[in-house]
Amino acid sequence: MAKVPKKILNDPRNVVTEMLDGLALANDGRVERLDGKDILIRTDLPDSKVTLLIGGGSGHEPIFHGFVGQNMGDAAACGQVFAAPSPDTIMDAAMAAHRGKGILFLYGNYAGDNMNFDIAAELLEEEEGIDVRTVRVNDDVAAAPPERADDRRGIAGDIYAIKVAGGAAEECDTLDEVERIARKAVGNLRSMGVAVAAGSIPETGKLTFELADDEIEIGMGAHGEAGIAKQKIASADDVADQIMEKILDDMPLGKGDEIALMINNLGATTMMEMLIVNRRVRQILADRGTIVHRTDVGTFLTVQEMAGFSITVMKLDDELKHYLDLPARSVGLSNM
Amino acid sequence: MAKVPKKILNDPRNVVTEMLDGLALANDGRVERLDGKDILIRTDLPDSKVTLLIGGGSGHEPIFHGFVGQNMGDAAACGQVFAAPSPDTIMDAAMAAHRGKGILFLYGNYAGDNMNFDIAAELLEEEEGIDVRTVRVNDDVAAAPPERADDRRGIAGDIYAIKVAGGAAEECDTLDEVERIARKAVGNLRSMGVAVAAGSIPETGKLTFELADDEIEIGMGAHGEAGIAKQKIASADDVADQIMEKILDDMPLGKGDEIALMINNLGATTMMEMLIVNRRVRQILADRGTIVHRTDVGTFLTVQEMAGFSITVMKLDDELKHYLDLPARSVGLSNM
Amino acid sequence: MKELTDSQVVEMLRQVSKAVIANVDVLTDADLATGDGDHGIGMRRGFEAALEVLVPGLSVQDAFKKTGMAIMSKTGGAAGAVFGTFFRGGASAFADAQTLDAARFANFLALSAQAVSKRGGVEEGAKTMVDAVMPAARAVGAEASDDLLAVFTAAERGALEGVEASKPMIATTGKARSLGERSIGHPDPGAISVSIILGAMKSYAASL
Amino acid sequence: MKELTDSQVVEMLRQVSKAVIANVDVLTDADLATGDGDHGIGMRRGFEAALEVLVPGLSVQDAFKKTGMAIMSKTGGAAGAVFGTFFRGGASAFADAQTLDAARFANFLALSAQAVSKRGGVEEGAKTMVDAVMPAARAVGAEASDDLLAVFTAAERGALEGVEASKPMIATTGKARSLGERSIGHPDPGAISVSIILGAMKSYAASL
Ligand SMILES: Nc1ncnc2c1ncn2[C@@H]1O[C@H](COP(=O)(O)OP(=O)(O)O)[C@@H](O)[C@H]1O
Ligand SMILES: Nc1ncnc2c1ncn2[C@@H]1O[C@H](COP(=O)(O)OP(=O)(O)O)[C@@H](O)[C@H]1O
Ligand SMILES: [Mg+2]
Ligand SMILES: [Mg+2]
Ligand SMILES: [Mg+2]
Ligand SMILES: [Mg+2]
């Protein structure tokens, strides 16, 4: 934790507000900041719809606040860097985005997020009589064995979950239906990452962990939580094999199964590396006869300047495909 | 140039071929590699159209090969890392993509690219009788003063130029018309970058330049070519001010002028930094009454793991807006 | 002394806030060892907000409640929820009270301990701040004294024992969970915060 | 000796290729100082490809031509175009010739120098390989000898003088251009390559 990471910022204590201003502006009018709060909300919200509220700690840009828009989140409640948003922020976001048909809370499964969103949900139900449902993304197969899947963290699978739930919230009439579809998406998601170098929190200026010059960590979480194993740096094919073995052990895929595949940049990794990994992943999937319906290689959930990537697989059926493929335009994701 | 950058690769001598395999696969069938060559080409090319051929050195992913698709490049000729493609590759790509209406070569203005594309153009005209036109992107205001604009490098402005020319090549009937529109786009483009840390070439494992721990370089080129000044690290607002001053000196923008704005990640910079910069850029533009029609904050032209970003402004008219906004879906860029 | 007036309670909670803020680096480093390194800056945000609401004229109950609400709304993360709950959850112990005395404080700690354990869904042993709050509450309960300095001293001692006890634990919640065996040896950052909070109460009482 | 047979020319160009390949790190470091650091690996790719086409049975002209074509198609970057042109551009000097002699070689160098200068759009002084090729061609022209060792020695000397001369130049083309005054003091990497190529010819002749 020697060298302070070199970043081009203003006052590090203001990174979240300044970033949210910049993010709202980057959405070309489709999204705005709510009353100077740490909340982004669609400007084109229909009068009546099931509401999808997403959110979590900042520092993982473009998630969460980059995925607000049509067929994605209706609003995002944003916390400080690596810290869940407070119940106040969540409630304010929920109240502003609510359109009379109840709200689905969709976020990554972390103790801090769970507690803050739960507090907000309790208050919204008790004090405002709003129907709130919660779906937590727990796609990180490295975080816990299958029998404790509820303990798994949410990582890049969040994005596909948001995209599917966002589509459902746009088209479906009831909160029940949106919840069912979101739950199916999350149940079909598996991810795992590898870290090559650490990220840091602007306000502390400290790297969140340390890896030796020749070391990588397979299965590391989105805040530097420990993974499955620290090991010597290995080839792209080898790392892809390790990650895919673990994912496919957890969710076997066979001939004719269809999936969406995401290779996500944790921050500072080159797209060259990710594309080389994609090549290997596709060899593995082709050997099984698994069909890749859709691929997303890019930067979706980062951990500041962490180097490394994650692989996400979502098993598809016609319903999930339909919602995943609906058009979207936002800083985080655009679909044709 | 002490520490060898830590990357997850296979044999560093094969990075380009392996990456192109992964890139073709990432396009979900819309793009393929041509006969194992370093060429990506659309699978959905119409029978008759003006052809847009793009290309350049690799290592800048997602550009160029990530921008092949409908309303973008019809094919990309790819070189090794930071090296222009050879005339053979360019000719093969051109011949495969040609659909009877001539070819526009669109690429960044570098001696290596200019020579290799020119050789290919000469051969295509002399030996194949194909009408070839060349438009070189020279958007980097840091590279030379206005009176020597022909000496300016092409940086992230390439992307907007490709998007506009690609749309024109899809809709316009003649090479003349496509060339005219591409030239207008390039004439309206200005960019400038800042580097915080160096990238490296996988095969040499060496950083392409060095900056002290508290130093940044304003105006640095896409391969580490020297910029305007090495200086102590400064605030985001200050850096944005410096870059925008230079751009606006070169292409004054006033009340009512409409632009497209890109903040491009050179590799390892956090989106948080870029969004904070976007905030400042928008303040500067708002003060002038300039209208931002469209914003793209993300990773479009990288220099491997270089840290830093560039700002690109394209002045728009209705024609440029039309072609820029046409739908697209590719690894490098998707529009709704 | 045997009781604190409402304005003394406000002053004490201000001292508590300043003590937490002064320890930001200690908490950062503790959270870097087992979590994501934001515990210090999160607690600073929360207690800076507490300082803004801790103004003269608050009742004892409101002083604790408002402290909790400020923390809950400004800290974020796990700490915001659990430390917000810590101050709010036991505040009813002071309902209608003009002063803070040993019995009410014991009641406050016991209620708070229950509330945070419920909110976090964890018992002792999960390597969280609950491992400091619970022994602190027990130590206060066991301290059959009505002297506040003695009570706060017992509370801090209980918390510090909890910090020690948290070292060999394997985290089963929070960001440290996946550290698994690697979390062994490091104290829980939230537990350290509890000991700082209770220690600052003791110092305040000692200064009177 | 006064002439090289076609098979000797093939062998000489193989030695040239190996010499360039052996100097990959020298060229990398030179290009790191003024450009993007890929000149070494680019030249290696090109000359590895040349080794594959440099097989027995080629005419003198074809040996130069195929070397140039291999380099042009495999090197990429500025170097691929200019070094491909260097070998191809003067190959007509050997049209129909069974051997390489001093006069034909002088003619080759002069034509090549013209060709690369035209292709690159640069004269001497722009801090490119042209600054080594031109003085080499002049040195060979001035060397009124029909001894090939003397001719190659003059060529290398001219190139090395060009390398020296390139140091104080400010680059006006290529990736070094924007280095501006900062390029002063560093030799041009492409010029170094020219000196390696001509030096390897001299060594080959000396070994006969
Ligand atoms: N489920 C939980 N119940 C009670 N306390 C918890 C729980 N999870 C975490 N904590 C406490 O929160 C502390 C971490 O706080 P902080 O670092 O601010 O939040 P985060 O974990 O969200 O980064 C831990 O040290 C622990 O004491
Ligand atoms: N316009 C030009 N004309 C002649 N030679 C050039 C020109 N531009 C560059 N060169 C030569 O090419 C060399 C650089 O080659 P290389 O590093 O392989 O290509 P790139 O500059 O594309 O990275 C320079 O050192 C210079 O000698
Ligand atoms: Mg945190
Ligand atoms: Mg190069
Ligand atoms: Mg933490
Ligand atoms: Mg070079």
Side-chain angles (χ1 to χ4, degrees), chain A residues 3 6-10 15 18-23 25-28 58-59 61-62 66 194 196-197 202 213-214 216 233-237 239 263 265 267-279 282 292-295 297-299 302 304-305 307 309 327-329 331 334-336, chain B residues 3 6-10 15 18-23 25-28 58-59 61-62 66 194 196-197 202 213-214 216 233-237 239 263 265 267-279 282 292-295 297-299 302 304-305 307 309 327-329 331 334-336:
Chain A
K3 217 163 91 177
K6 206 162 133 192
K7 294 193 188 178
I8 296 188
L9 298 169
N10 299 316
V15 288
E18 291 187 355
M19 172 192 64
L20 291 175
D21 281 337
L23 182 57
L25 289 163
N27 276 290
D28 300 331
S58 293
E61 290 68 37
V194 58
V196 170
D213 280 354
D214 62 347
I216 59 176
I233 190 158
S235 72
D237 287 357
V239 171
I263 320 267
N265 191 345
T269 293
T270 60
M271 191 167 282
M272 178 175 269
E273 289 164 90
M274 296 196 295
L275 291 168
I276 290 173
V277 165
N278 185 46
R279 170 182 170 273
R282 291 298 292 262
V292 178
H293 166 70
R294 170 204 171 100
T295 313
V297 180
T299 302
T302 61
Q304 293 287 299
E305 72 277 26
F309 58 84
R329 173 139 172 80
V331 172
S334 294
N335 266 9
M336 188 174 68
Chain B
K3 219 163 93 177
K6 207 163 133 191
K7 294 193 188 179
I8 297 187
L9 298 168
N10 299 315
V15 288
E18 291 186 356
M19 173 192 63
L20 290 175
D21 281 338
L23 182 58
L25 288 162
N27 275 291
D28 300 331
S58 293
E61 289 68 37
V194 57
V196 170
D213 280 355
D214 62 346
I216 59 177
I233 189 159
S235 72
D237 286 356
V239 171
I263 318 266
N265 193 345
T269 292
T270 61
M271 191 167 283
M272 178 175 270
E273 289 163 270
M274 296 196 296
L275 291 168
I276 290 173
V277 166
N278 184 47
R279 170 181 170 274
R282 292 298 293 263
V292 178
H293 167 70
R294 172 203 170 101
T295 314
V297 180
T299 302
T302 61
Q304 293 287 300
E305 71 277 29
F309 58 84
R329 174 140 172 80
V331 172
S334 295
N335 266 10
M336 186 172 68

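Per chain, numbering begins at 1; letters A, B, ... match sequence-line order. Source: prediction; values computed, not measured.
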Which atom names give the shortest non-hydrogen contact between A/Ala234 and B/Ile8, and what distance separates them? O-CG2, 4.2 Å
Is there a side chain to side chain contact (heavy atoms under 4.5 Å, CB included) between B/Val239 and B/Val277? Walk through the geometry before answering. CA-CA 8 Å; B/Val239 171; B/Val277 166; 6.0 Å; no
Going by side chain to side chain contact (heavy atoms under 4.5 Å, CB included), name the residues that satisfy it together with B/Ile233, two or more places apart in sequence or in a different chain. A/Lys6, B/Ile216
Of the listed residues (A/Ile276, A/Thr269, A/Val297), which shares the most heavy-atom pairs with chain B below a 4.5 Å separation? A/Ile276
Euclidean distance, A/Leu20 CG relative to B/Met272 CE, rounded to 0.5 Å: 8.5 Å
Under 4.5 Å heavy-atom distance to chain A, tell me which part of B/Thr270 shows up: side chain, backbone, both or neither. side chain
Can you tell which of B/Leu23, B/Asn278, B/Leu25 has the highest number of heavy-atom pairs within less than 4.5 Å of chain A? B/Leu25
Applying a strict 4.5 Å limit to non-hydrogen atoms, the region of B/Thr302 in contact with chain A is neither
Between B/Glu18, B/Gln304, B/Glu61, B/Lys7, which residue shows the highest count of heavy-atom pairs closer than 4.5 Å to chain A? B/Glu18
Chain B interface, residue from A/Asn27, A/Asp21, A/Asp28 that has the most non-hydrogen pairs under 4.5 Å: A/Asp28
Top residue by heavy-atom pair count (under 4.5 Å) with chain A, among B/Gly298, B/Pro62, B/Ser58, B/Gly59? B/Pro62
Would you say B/Asn10's side chain and A/Asp237's backbone share a donor-acceptor pair under 3.5 angstrom? yes
So which of A/Arg294, A/Met274, A/Glu305 has the largest heavy-atom pair count under 4.5 angstrom toward chain B? A/Arg294
Go through the steps for A/Asn265 and A/Glu273 under the test side chain to side chain contact (heavy atoms under 4.5 Å, CB included), then give the verdict. CA-CA 10 Å; A/Asn265 191 345; A/Glu273 289 164 90; over 6 Å; no
Can you name the side chain to side chain contact (heavy atoms under 4.5 Å, CB included) partners of B/Ala268, sequence neighbours left out? A/Ala268, B/Ala307
In terms of heavy-atom proximity below 4.5 Å to chain A, should B/Val196 be classed as side chain, backbone, both, or neither? both
